Amino acid sequence: MLSNSEIASHLYELARLSALADGSNNAFRVRAYEDAARSIDGATEPVAEMSESALTGLKGVGKSTASKIRELVEGGSIAKLEELRKEFPPDFVELTRVPGVGPKTAVQLRDALGVSSVEDLKAAIAAESIRELPGFGARTEENLARSIERLGIGGKERRPPIIEAMRTALEVCQALMTVDGVQRAEPMGSLRRFRETIGDVDVLVVSTGDHQAVADRFVELPVVNEVVDYGARKSAVLSASGMRIDLRVVEPDQWGSAAIYFTGSKAHNIHLRQMALDRGWTLSEYALAEIDTEKVIASKTEEEVYAALGLAWVPPELREDSGDIEAARDGTLPALAEVKHLRGDLHVHTSLSGDGRDRLEDMVQAAADRKYLYLGITDHAEDLAINGASRRQMLAQRTKIEALQGQYPEMRLLHGAELNIGRDGSVDYDADFLSGFGWGVASVHSLFDLDRAKQTERIVTAMRDPAVNAIGHLTGRRIGKRPGIELDVDAVLDAAEETGCAIEINCHLDRLDAPAEVLLRARDRDVLFVIGTDAHDVGELRNAVWGIHQSHRGWVERSKIVNTWTQAKFLKWVGEKRMANSEWQVARLREANP
DNA sequence: GCCGTTTTCGGCCCGACTGTTTTCAGTCG
């Protein structure tokens with residue numbers, strides 16, 4: 001059966017090819033296909049199983065698209081799409097990946113010069129025949145040549161992982177803050193929405209001074225390899241790695257409308273602008289204003305603009321137009337956690353782990369500095385070949401922790417471990433030794449290639465273990481480097497509800513694991529989460545903020561995050577899980593000591 | 001192509017920058 005995302009990708013392709021046929025990415029038909037695709041992507045029911053009339057009930061899907069979907073599901077293809085593919089073969093479509101080449105230009109190049117691939121375009125540039133076309137010139141030809149070169153290093157398709165983009169963005173913001181008159185400089189776009197991969201880095205700057213001076217400084221930054229656009233309000237550059245960085249500079253009283261505009265998503269903005277029009281207003285990056293009189297209704301803060309439209313402020317990570325605007329209107333946005341709500345960290349390594357960098361004493365002090373009320377110390381357990389701690393080492397650490405506890409009357413120290421989930425779902429040590437720990441995180445560190453059924457089984461088995469309070473970095477993915485393990489997410493969530501085992505939201509920017517899709521799937525379930533930094537040094541305790549953003553992305557209610565709970569409530573919950581399934585524990589003890 | 005208590009036709013989000021032009025089209029975000 002075709003999945004929703006497979007169906008959506010057919011519609012996206014239909015949109016792309018229709019743009020070539022209609023000569024514009026903004027053609028209404030193109031947008032209609034995109035709307036339908038987005039709606040199907042976000043649908044919770046399997047669209048392949050829906051009747052034509054049920055399909056038209058989906059937002060953005062009308063009779064024509066509904067019948068195309070049925071055609072695809074029943075016959076495996078869409079006649080209209082096949083026709084378009086014939087007219088616009090992949091090599092030709094590739095042309096529009098060249099920055100500066102849109103649908104109009106691509107078609108014009110083909111009609112006038114017979115250009116039907118990037119290779120053809122290169123030849124036409126070499127022959128200097130493009131500059132002869134009406135509306136083109138030598139300058140355009142040169143720019144196209146440069147754009148083609150760029151395709152090799154970056155191109156429109158590559159989306160850098162968030163960790164890479166965040167680093168660049170914060171660097172740029174920091175540098176621009178030193179320009180005279182600059183009051184604020186912050187990352188926007190998909191970075192602020194906390195997508196796991198980033199199209200472009202967007203930076204918004206507020207300046208009371210000379211805007212041109214900001215642009216001047218921007219294009220001179222060390223990260224800049226090439227300047228794409230250069231203006232007082234708006235500039236764009238490419239980094240050496242091909243990352244595009246966009247800069248907008250606005251006046252202080254335009255921050256709110258500019259931040260909304262620049263944060264997106266595109267679909268969210270279009271929806272907001274439509275709401276503005278319904279009220280006789282228009283929304284741009286400069287202001288929400290009356291159409292007739294141009295009188296400004298709101299612009300200073302995001303809250304004001306949303307409020308004027310009858311909406312609660314929408315957290316950036318939710319702005320995808322996938323129910324966020326309706327929830328903001330109806331007052332049903334989730335009550336999200338913020339960093340200030342965190343009362344503990346429950347995945348922390350010390351130098352006892354082979355890859356840990358700071359001493360136990362320093363990690364504990366750093367947690368105390370953050371005013372935490374509980375701390376789970378979770379060094380790697382013995383099954384992890386290089387980094388794991390032996391029983392003897394673990395017991396010695398426990399003694400040290402007990403001694404340290406006296407110095408921290410406010411904060412409860414839990415001696416835990418990051419256990420390794422074996423092939424069959426078992427973890428390190430034996431049940432007796434495990435029962436000596438006060439907290440346990442279990443994670444997959446091996447056998448990433450098992451099939452879906454086996455991976456699901458091993459996770460579920462680990463969740464049932466009374467020594468396991470939470471599953472660490474659920475999928476084991478490294479964003480942009482390594483895919484996560486295959487999992488039956490619903491089965492895992494069922495087990496989480498049944499066992500009371502929490503699912504970690506790992507804070508490392510290259511993990512952000514569990515992924516947002518998993519968190520969203522758990523929205524209407526009684527699944528608990530724990531935000532864990534997986535810190536390997538004191539500085540990484542600050543990564544908690546990334547886990548908070550990730551929880552927002554997944555619409556996770558604060559009440560479901562166990563480390564926002566009071567110390568008493570948290571400790572009660574930990575104890576319950578470890579006491580529960582005592583029969584299971586007895587059975588395991590018998591197994592170990594027949 | 002979709003949509004609708006101002007509608008089944010006539011709308012459909014907004015603006016900057018570039019290169020080519022004397023007022024605009026194309027592209028992009």
Side-chain angles (χ1 to χ4, degrees), chain A residues 11 14-15 18-19 21-39 55-69 80 95-109 130-144 146-147 156 188-191 198-204 211 215 227-237 244-250 254 257-258 260-289 291 309 321:
Chain A
L11 293 177
L14 207 44
S18 296
D22 293 355
S24 165
N25 289 322
N26 278 321
F28 300 119
R29 181 167 29 182
V30 176
R31 281 178 25 199
Y33 284 136
E34 282 173 352
D35 285 347
R38 227 168 33 76
S39 166
L55 284 167
T56 54
L58 292 169
K59 201 177 116 198
V61 178
K63 275 185 78 165
S64 169
T65 304
S67 93
K68 287 188 177 70
I69 293 170
K80 172 85 180 281
L95 266 181
T96 61
R97 283 190 56 220
V98 178
V101 179
K104 274 261 169 40
T105 307
V107 170
Q108 194 185 350
L109 288 172
I130 294 188
R131 60 181 68 185
E132 305 302 330
L133 297 178
F136 290 75
R139 195 70 183 268
T140 304
E141 203 173 71
E142 288 161 21
N143 286 344
L144 286 176
R146 271 218 308 283
S147 291
K156 288 181 187 172
M188 299 278 140
S190 49
L191 210 41
I198 304 300
D200 306 315
V201 169
D202 300 309
V203 173
L204 179 61
H211 289 192
V227 179
V228 179
D229 287 332
Y230 181 42
R233 291 189 174 85
K234 177 175 162 179
S235 302
V237 300
R244 187 185 158 111
I245 310 167
D246 286 312
L247 170 74
R248 290 293 286 243
V249 188
V250 298
Q254 297 166 333
S257 41
I260 288 174
Y261 159 78
F262 219 19
T263 298
S265 67
K266 188 176 159 190
H268 180 90
N269 285 353
I270 289 174
H271 195 154
L272 291 183
R273 286 172 183 155
Q274 190 56 58
M275 291 180 73
L277 283 179
D278 293 344
R279 291 164 167 76
W281 304 336
T282 173
L283 175 62
S284 75
E285 55 264 56
Y286 300 114
L288 177 66
I291 294 178
L309 293 171
D321 195 22

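These numbers were taken from a predicted model, which means no experiment stands behind them. Numbers restart at 1 for each chain; the letters A, B, ... are given by sequence-line order, proteins then strands.
Of the residues near DNA chain B, A/L283 and A/F262, the one whose nearest nucleotide (by heavy atom distance) lies more toward the 5' end is A/L283. Each of A/A66 and A/S284 was matched to the nucleotide of DNA chain B holding its nearest heavy atom; the match closer to the 5' end belongs to A/A66.
Distance from the side chain of A/T140 is smallest for B/dT20 among the nucleotides B/dG29, B/dT20, B/dG1. The side chain of A/P103 sits closest to B/dT27 out of B/dG29, B/dG1, B/dT27. The listed nucleotides are B/dC12, B/dG26, B/dG29; the one nearest the side chain of A/R31 is B/dC12. When distances run from any side-chain atom of A/R233 to the nucleotides B/dA16, B/dG19, B/dT27, the shortest one goes to B/dA16. With B/dG1, B/dA16, B/dT27 as the candidates, the nucleotide lying closest to the side chain of A/F28 is B/dG1. Set against B/dG15, B/dG29, B/dG1, the side chain of A/D246 has B/dG29 as its closest nucleotide.
For the pair A/D22 and A/K104, the salt-bridge criterion is not met [side-chain N within less than 4.0 Å of a carboxylate O]. By the 4.0 Å N-to-carboxylate-O rule, A/D321 lies close enough to A/R38 to be salt-bridged with it. Using a 4.0 Å cut-off between a side-chain N of Lys or Arg and a carboxylate O of Asp or Glu, A/R248 and A/D246 do not qualify as a salt bridge.
At the phosphate of B/dC14, OP1 or OP2 sits under 4.0 Å from a side-chain N or O atom of A/T282. Dashed line: the shortest gap from a side-chain N or O of A/N25 to OP1 or OP2 of B/dT27 is not under 4.0 Å. For the pair A/R244 and B/dG29, the criterion of a side-chain N or O lying under 4.0 Å from OP1 or OP2 is met. For A/K234, no side-chain nitrogen or oxygen approaches OP1 or OP2 of B/dT18 to under 4.0 Å. Taking side-chain N and O atoms only, A/T65 has a distance below 4.0 Å to OP1 or OP2 of B/dC2. Contact annotation: A/Y230 side-chain N/O to B/dA16 OP1/OP2 distance is not under 4.0 Å.
Anti is the glycosidic conformation of B/dT20, whose angle departs from 0 by more than 90°.
The separation of B/dT21 from B/dG26, taken at their C1' atoms, amounts to 13 Å, rounded to a whole angstrom. Spacing between B/dT6 and B/dG1 at atom C1', rounded to whole Å, works out to 23 Å. Using atom P as the reference point in both B/dG11 and B/dT7, the two lie 14 Å apart (nearest Å). Taking the C1' atom of each, B/dG4 and B/dT8 are spaced 8 Å apart, rounded to whole Å.
Between the CE atom of A/M275 and the C1' atom of B/dC12 there is a distance of 17 Å, rounded to whole Å. Between the CZ atom of A/R29 and the P atom of B/dG1 there is a distance of 5 Å, rounded to whole Å. Here the P atom of nucleotide B/dC2 and the CG atom of A/L14 are 10 Å apart, to the nearest Å. Look at NZ on A/K59: it is 12 Å from C1' on B/dC3, rounded to the nearest Å. Rounded to whole Å, the distance from CG on A/D278 to C1' on B/dC12 is 11 Å. At whole-Å resolution of the value, CD1 in A/I245 and C1' in B/dG29 are 15 Å apart.
Across all strands shown, A/N26 has heavy atoms under 4.0 Å from base atoms, whether or not it also approaches the sugar-phosphate. Among the heavy atoms of the strands lying under 4.0 Å from A/V61 are primed sugar atoms or P, OP1, OP2 only; no base atom is included. As judged by a 4.0 angstrom heavy-atom cut-off over every strand, A/A232 is placed among residues touching the sugar-phosphate backbone only. Among the protein residues, A/N143 comes within range of the sugar-phosphate backbone only, with heavy atoms under 4.0 Å from sugar or phosphate atoms but none that close to a base.
A donor-acceptor distance shorter than 3.5 angstrom exists from the side chain of A/R279 to the backbone of A/L309, with no hydrogens or angles considered. In terms of modelled atom types and a separation under 3.5 Å, the side chain of A/S18 and the main chain of A/L14 share a donor-acceptor contact. No donor-acceptor pair closer than 3.5 Å links the side chain of A/T140 to the backbone N or O of A/F136.
Side chain to side chain, A/K68 and A/S64 meet the donor-acceptor criterion of an N or O pair below 3.5 Å.
Here B/dC28 sits opposite B/dG15 as a Watson-Crick or G-U wobble pair (both hydrogen-bonding atom distances under 3.5 Å).
In this structure, the aromatic ring of A/F136 is not positioned over the six-membered ring of the base of B/dT20 within 5.5 Å between centres and 30° between planes.
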